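Here is the structure we will look at, set down as structure tokens.
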Amino acid sequence: MKRLNWGMIGGGEGSQIGPAHRLAAGLDAAFVLSAGALDHDPAAGRDFAQRLGIAADRAYGDWREMLAGERNRPDKVDLVTVATPNATHYEITKAFLEAGIHVLCEKPMTVTEAEAEDLVLTARKAGRICAVNYGYTGYALVRHMRAMVARGDIGAVRLVVAEFAHGHHADAANADNPRVRWRYDPAQAGVSAQFADCGIHALHMASFVTGQEVATLSADFASCLPSRVLEDDAMVNFRMDRGTVGRLWTSSVAIGRQHGLTIQVFGETGGLRWAQEQPNQLFYMPLGQRLQVIERGEGNLSPEADRASRVTVGHAEGMPLAFGNIYRDLAEGIAAMEAGRAPDPAISLYPRAEDGLRSIAAIHAAVRSAAGKGEWVDARPKLFR
Ligand SMILES: NC(=O)c1ccc[n+]([C@@H]2O[C@H](COP(=O)([O-])OP(=O)(O)OC[C@H]3O[C@@H](n4cnc5c(N)ncnc54)[C@H](O)[C@@H]3O)[C@@H](O)[C@H]2O)c1
């Protein structure tokens with residue numbers, strides 16, 4: 001397969017998510033990091049890009065300069081990853097899609113539902129891929145969990161319980177740290193902080209694993225640090241479109257919790273539990289039998305899990321490899337489009353702009369519900385009602 005040119009916007013030196021993207025995109029030798037506007041500080045971005053091996057003329061000071069520099073090059077970037085703070089995602093993603101460049105946008109995809117809807121329609125019109133980085137869905141055992149639910153191993157799903165609770169923003173003395181502050185600033189983060197930052201990973205995971213969409217929800221938001229305008233803790237009850245009951249807790253003040261993304265699914269004939277901090281084990285409880293521990297990489301897993309698993313059983317796989325599975329799906333999707341052929345059906349699992357839109361609609365529904373003392377509201381995007 002021809003190596004694809006890859007560009008990054010954001011993900012500068014010291015950023016949280018930039019290194020995971022660079023590791024992931026490099027895993028299968030499908031992408032070459034060819035261009036970047038990596039930092040809000042143009043000089044720092046240019047300097048860091050060149051230290052990462054990007055040629056000086058493609059180490060840009062900002063994304064508009066990058067778009068102008070790339071759009072007419074014969075070797076222009078095929079895919080751009082947008083890993084900047086939330087409020088900038090929309091205009092950057094839209095501009096690159098309109099220039100005919102595929103985009104992997106960080107979550108939350110946009111701030112408003114109208115913007116998210118516009119990106120879905122822009123990607124369709126441009127005939128380009130707009131993916132959203134719900135990267136934890138790239139884990140082998142998350143894909144296996146989905147396959148087990150889909151083939152009926154636990155019967156009809158009664159209940160899904162999702163959590164994403166960490167304690168890294170609990171220190172009031174650290175609230176002004178620039179990497180923490182933007183997440184609680186409505187001008188940069190949008191209408192929600194913790195639910196939009198972490199809760200939507202858990203909510204998307206609930207949909208991914210059950211194969212159902214969120215229909216209605218009721219939310220309770222709290223700002224445990226009173227200086228925060230936006231919430232740092234949320235409890236969300238929801239119902240899915242085939243009747244499954246959903247429970248979700250997300251927090252950034254849960255001291256002692258590290259990453260805290262877990263998903264549990266309870267059906268008529270069994271239960272499943274997976275936790276991001278122990279991603280190589282999936283706990284399976286068949287009704288009336290003993291607890292079973294499914295190991296990533298063992299024999300007789302689903303084709304989805306085998307495809308996503310990269311090292312032999314007993315060796316730890318982690319988050320950049322999960323993200324790598326998203327990049328590998330995108331590489332195949334882009335290559336298929338360029339060759340005018342149908343893509344490998346196995347790539348169907350990567351998260352798309354439609355998933356990003358569903359999350360943004362759910363964020364706004366949760367904000368409305370929380371303001372209305374937990375009233376139940378429609379969580380579906382207007383475009384899909
Ligand atoms: N999918 C995931 O698991 C996951 C995890 C963490 C963060 N994220 C998302 O990734 C995005 C970035 O988060 P982070 O934690 O890395 O933030 P961060 O604050 O650690 O880093 C942001 C980076 O973007 C750069 N930047 C800011 N504005 C820019 C601009 N206009 N042009 C170019 N670069 C710019 C900054 O200089 C910095 O390098 C957010 O949308 C966040 O929600 C996703």
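Index from 1, following the sequence. Atoms within each ligand, like the ligands themselves, are counted from 1 in listed order. Side-chain atoms are counted along with the backbone in the values below, which use heavy atoms only and exclude waters and symmetry mates. Computed from a predicted model, the values in this text were never measured in an experiment.
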Is it the side chain, the backbone, both or neither of S15 that has a heavy atom closer than 4.0 Å to ligand 1?
both
Proximity of F208 and Y134 rings by center, below 6.0 Å:
no
In terms of atom number and element, which parts of ligand 1 are under 4.0 angstrom from non-hydrogen atoms of Y136?
3 (O)
Can a side-chain donor-acceptor contact be found between S223 and E231 if the only test is distance below 3.5 angstrom?
no
Less than 4.0 Å is my threshold; does some heavy atom of M319 fall inside it relative to ligand 1?
no
N or O contact, P108 vs ligand 1, cut-off under 3.5 Å
no
Give the contacting part of R181 toward ligand 1: side chain, backbone, both or neither, where contact means a heavy-atom distance below 4.0 Å.
neither
What is the ring orientation for F195 with F221, classed by angle as parallel under 30°, tilted 30 to 60°, or perpendicular over 60°?
tilted
Can you report which non-hydrogen protein atom sits closest to atom 2 (C) of ligand 1, along with the distance?
H201 NE2, 3.4 Å
Identity and separation of the nearest protein heavy atom to atom 32 (N) of ligand 1
T84 CG2, 3.9 Å
Look at D306 together with R296 and state whether they make a salt bridge at an N to O cut-off of under 4.0 Å.
no
Which protein heavy atom lies closest to atom 36 (C) of ligand 1, and at what distance to 0.1 Å?
H40 ND1, 3.7 Å
Give me the nearest non-hydrogen protein atom to atom 16 (O) of ligand 1 as residue plus atom name, then the distance to 0.1 Å.
I17 N, 3.1 Å
Side chains of E375 and S369, donor plus acceptor under 3.5 Å
no
Do E317 and Y139 pair up side chain to side chain, a donor and an acceptor below 3.5 Å, judged on atom types alone?
no
Please confirm whether H89 comes within less than 3.5 Å of ligand 1 when only nitrogen or oxygen atoms on both sides are compared.
yes
Can you sort out which atoms of ligand 1 are near G11, meaning under 4.0 Å from one of its heavy atoms?
23 (C), 24 (O)
Relative to the ring of H166, is the ring of H169 parallel (under 30°), tilted (30 to 60°) or perpendicular (over 60°)?
perpendicular
Given the rule in the side chain to side chain contact (heavy atoms under 4.5 Å, CB included) test, do V132 and H204 qualify, once you have shown the distances and angles that lead to the verdict?
CA-CA 11 Å; V132 180; H204 178 262; over 6 Å; no
Which of parallel (below 30°), tilted (30 to 60°) and perpendicular (above 60°) describes F323 and H21?
tilted
Min heavy-atom dist G135 to ligand 1 below 4.0 Å:
no
Please classify the Y134 to ligand 1 contact at 4.0 Å (heavy-atom distances, strictly less than): side chain, backbone, both or neither.
neither
With heavy-atom distances below 4.0 Å as the criterion, list the atoms of ligand 1 near G10.
24 (O), 25 (C), 33 (C), 34 (N)
Can you tell me which portion of K107 lies within the under-4.0 Å heavy-atom range of ligand 1? Options are side chain, backbone, both, or neither.
both
Quick check against the 3.5 Å criterion: does N5 have a side-chain atom that pairs as donor or acceptor with the backbone of D75?
yes
Check if N133 has a non-hydrogen atom at a distance under 4.0 Å from any atom of ligand 1.
yes
Between W274 (side chain only) and P279 (backbone N and O only), is there a donor and an acceptor less than 3.5 Å apart?
yes
Report, in ascending order of atom number, the atoms of ligand 1 lying under 4.0 Å from any heavy atom of L38.
25 (C), 34 (N), 39 (O)
Tell me: protein heavy atom nearest atom 44 (C) of ligand 1, and distance?
E106 OE1, 2.9 Å
Heavy-atom contacts with D197 under 4.0 Å: which atoms of ligand 1 show up? List them by number with element.
43 (O)
Does the pair K382/E117 count as a salt bridge with the N-to-O cut at 4.0 Å?
no
Does some non-hydrogen atom of R183 fall short of 4.0 Å from ligand 1?
yes
The test is side-chain hydrogen bond (donor to acceptor under 3.5 Å, both in side chains); show your working for H259 and Y136 and say whether it passes.
CA-CA 12 Å; H259 188 257; Y136 304 111; 2.9 Å; yes
For ligand 1, the portion of Q16 having any non-hydrogen atom under 4.0 Å away:
both
Does a side-chain N-to-carboxylate-O contact under 4.0 Å join R257 and E163?
yes
Begin with the C-alpha distance, continue with both residues' side-chain angles, and end with the deciding distance and a verdict on side chain to side chain contact (heavy atoms under 4.5 Å, CB included) for V80 and M66.
CA-CA 11 Å; V80 158; M66 176 164 156; 3.9 Å; yes
Pair W376, N237: side-chain N/O donor-acceptor within cut-off below 3.5 Å:
no
Contact atoms of ligand 1, heavy-atom distance to A37 under 4.0 Å:
33 (C), 34 (N)
Please work out which of the three classes, parallel, tilted or perpendicular, describes the rings of F164 and H201, given edges at 30° and 60°.
tilted
Does ligand 1 have an atom that lies less than 4.0 angstrom from a heavy atom of F323?
yes
Flag T88 as yes when one of its N or O atoms lies below 3.5 Å from any N or O atom of ligand 1, and as no otherwise.
no
What is the nearest protein non-hydrogen atom to atom 19 (O) of ligand 1, stated with its residue, atom name and distance?
W182 NE1, 3.1 Å
For atom 41 (O) of ligand 1, what's the nearest protein heavy atom and its distance?
N86 OD1, 2.7 Å
Please check whether G12 reaches ligand 1 - meaning an N/O of the residue sits under 3.5 Å from an N/O of the ligand, judged on distance alone.
yes
closest protein heavy atom to atom 12 (C) of ligand 1 is A83 O, 3.4 Å
Between D41 and ligand 1, which residue portion shows a heavy-atom distance shorter than 4.0 Å: side chain, backbone, both, or neither?
neither
